[in-house]
Peer 1: 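Quick one: structure below, then a few questions.
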Amino acid sequence: MQVFSADALVLRTYRYGEADRIVVFLTEDRGKKRGVAKNASASRRRFGAALEPLSRGRATYVERENRELVRLDRVEPQQSSLDSAAGRTPGEAARALGHASYFAELIDEWAPDGQSNERLFRLGAAVAVALGRSGSIDALARYFEYWLMRLEGVYPAIDRCPRCGRLALGEGIALVVAERTYVCRTCAPGGVHLSGAAVGFLRASGSWTPSEAAAADTSQGALQDLEQAHERLIALHLEKEVRSLRVLKELRPEL
Ligand SMILES: [Zn+2]
């Protein structure tokens with residue numbers, strides 16, 4: 001038996017028996033863990049609001065030999081994702097919480113159990129902070145998707161058309177879904193098109209912080225191009241539906 005203490009992001013929880021919960025969490029130093037939180041529903045002292053998806057806290061857990069499930073003893077909250085709803089209109093607050101679940105679900109899908117991934121932890125933590133500030137939730141979501149896929153090494157290159165070698169892609173690109181690449185507009189008359197502004201957003205995201213991406217003045221059209229392209233790319237890689245995405249679509253404001 002060994003006791004660990006680590007900064008962690010809560011990814012999701014589900015019921016386990018009468019009063020316990022299974023908590024899936026990403027630790028900063030030792031990757032994703034699954035733990036049994038005894039009496040989690042009743043024990044606000046030990047868990048409080050810390051078990052909301054994408055909340056960050058200091059987790060104390062015990063690993064036991066030959067058991068996949070750890071015992072999660074407590075999570076001292078550092079940042080609750082419920083804070084991201086503060087200061088927003090009711091509609092925007094619901095979207096912020098919906099996105100906290102969406103980000104947490106994608107991290108859960110991408111992070112293998114028990115494999116240290118500090119960069120993914122840092123991305124999740126930084127995006128959680130940015131979600132608690134003002135700024136465009138849509139821009140933050142596109143930034144997160146870009147970086148998530150980039151960290152996993154599956155984001156298509158945006159510096160050069162792989163078909164004709166053209167370097168200037170600032171006038172726009174197209175996603176060739178079957179090849180998982182972006183090509184220049186001359187090379188792809190069909191496909192999912194991304195405007196020059198969308199390409200500019202991707203390039204800038206390479207050096208932006210999440211808060212800078214959310215605060216930047218990016219057009220809705222560019223963000224919609226990116227949303228379509230990213231949804232296809234994520235579906236290709238996960239080979240399954242992202243559950244929280246359906247909820248987000250229902251929360252979309254009428255334009
Ligand atoms: Zn080309």
Side-chain angles (χ1 to χ4, degrees), residues 54 81 84-89 91-107 119 122-152 154-161 167-177 180-185 188 191-235 242 244-245 247-255:
L54 213 66
S81 57
S84 64
R88 297 186 190 270
T89 62
E92 282 290 289
R95 292 191 75 233
L97 294 177
H99 276 82
S101 296
Y102 173 61
F103 299 155
E105 182 181 349
L106 285 184
I107 293 172
R119 295 182 79 190
R122 285 210 306 266
L123 173 66
V127 165
V129 169
L131 198 56
R133 298 181 179 154
S134 60
S136 163
I137 295 174
D138 290 316
L140 191 58
R142 306 298 80 84
Y143 173 94
F144 173 80
E145 292 158 346
Y146 164 73
W147 267 106
L148 180 72
M149 288 188 269
R150 197 173 144 178
L151 288 182
E152 299 302 314
V154 297
Y155 203 84
I158 51 168
D159 54 349
R160 183 175 165 278
C161 172
L167 292 171
L169 300 178
E171 73 271 29
I173 50 180
L175 172 68
V176 182
V177 178
R180 304 183 188 195
T181 55
Y182 287 132
V183 302
C184 77
R185 289 225 167 144
V192 181
H193 276 210
L194 284 83
S195 66
V199 176
F201 178 89
L202 291 174
R203 287 198 172 141
S205 289
S207 53
W208 272 337
T209 63
S211 295
E212 285 169 340
D217 186 19
T218 308
S219 73
Q220 274 305 313
L223 293 176
Q224 280 163 9
D225 289 352
L226 290 164
E227 182 179 5
Q228 286 191 22
H230 288 181
E231 189 176 340
R232 283 177 170 79
L233 285 169
I234 288 169
V242 182
S244 46
L245 201 54
V247 179
L248 285 185
K249 286 182 174 174
E250 284 166 14
L251 291 171
R252 192 191 303 277
E254 299 289 330
L255 293 175

Peer 1: What heavy-atom pair brings Ser205 and Trp147 nearest, and what distance separates the two atoms?
Peer 2: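 Result for this residue pair: O-NE1, 2.9 Å.
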Peer 1: Tyr146 vs Tyr155 aromatic rings, parallel, tilted or perpendicular, using cut-offs 30° and 60°?
Peer 2: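 Taking Tyr155 first and then Tyr146, their aromatic rings stand perpendicular (interplane angle over 60°).
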Peer 1: Roughly how far, to the nearest 0.5 Å, is OG of Ser195 from CZ of Arg185?
Peer 2: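 It comes to 7.0 Å.
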Peer 1: Pick from Val127, Leu54, Ile137: which one makes a side-chain contact (heavy atoms from CB on, under 4.5 Å) with His99?
Peer 2: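 The single option meeting the side-chain contact (heavy atoms from CB on, under 4.5 Å) with His99 is Ile137.
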Peer 1: Shortest non-hydrogen contact from Arg133 to Ser211?
Peer 2: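 That closest heavy-atom pairing would be NH1-OG, 2.9 Å.
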Peer 1: Nearest 0.5 Å, what's the OH-CD1 distance between Tyr102 and Ile234?
Peer 2: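 It comes to 4.0 Å.
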Peer 1: Does atom CZ of Arg203 have more than 12 heavy-atom neighbours from other groups under 6.0 Å away?
Peer 2: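 Above 12, so yes.
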Peer 1: So, for Leu226 and Ala198, which heavy atoms are closest and what is the spacing to 0.1 Å?
Peer 2: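 It is CG-CB, 3.9 Å.
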Peer 1: If every non-hydrogen atom of Leu248 is compared with every non-hydrogen atom of Gly98, which pair is closest and at what distance?
Peer 2: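 Closest heavy-atom pair between Leu248 and Gly98: CD2-C, 3.5 Å.
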Peer 1: Measure the acute angle between the ring planes of Trp208 and Phe201, then classify it against the limits of 30° and 60° as parallel, tilted or perpendicular.
Peer 2: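 It falls in the perpendicular class, over 60°.
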Peer 1: Would you please say whether a donor-acceptor pair under 3.5 Å links the side chains of Arg142 and His230?
Peer 2: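 No.
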Peer 1: What are the two closest non-hydrogen atoms of Leu123 and Leu148, and how far apart are they?
Peer 2: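 In this case the closest contact between Leu123 and Leu148 is CD2-N, 3.7 Å.
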Peer 1: Measuring from atom CD of Glu227 to atom CG of Leu245, what distance do you get when rounded to the nearest 0.5 angstrom?
Peer 2: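 If we round to the nearest 0.5 Å, Glu227:CD and Leu245:CG are 7.5 Å apart.
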Peer 1: Indicate the atoms forming the closest heavy-atom contact of Ala229 with Val192, along with that distance.
Peer 2: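 Looking at all heavy atoms of both residues, the closest pair is N-CG1, 4.2 Å.
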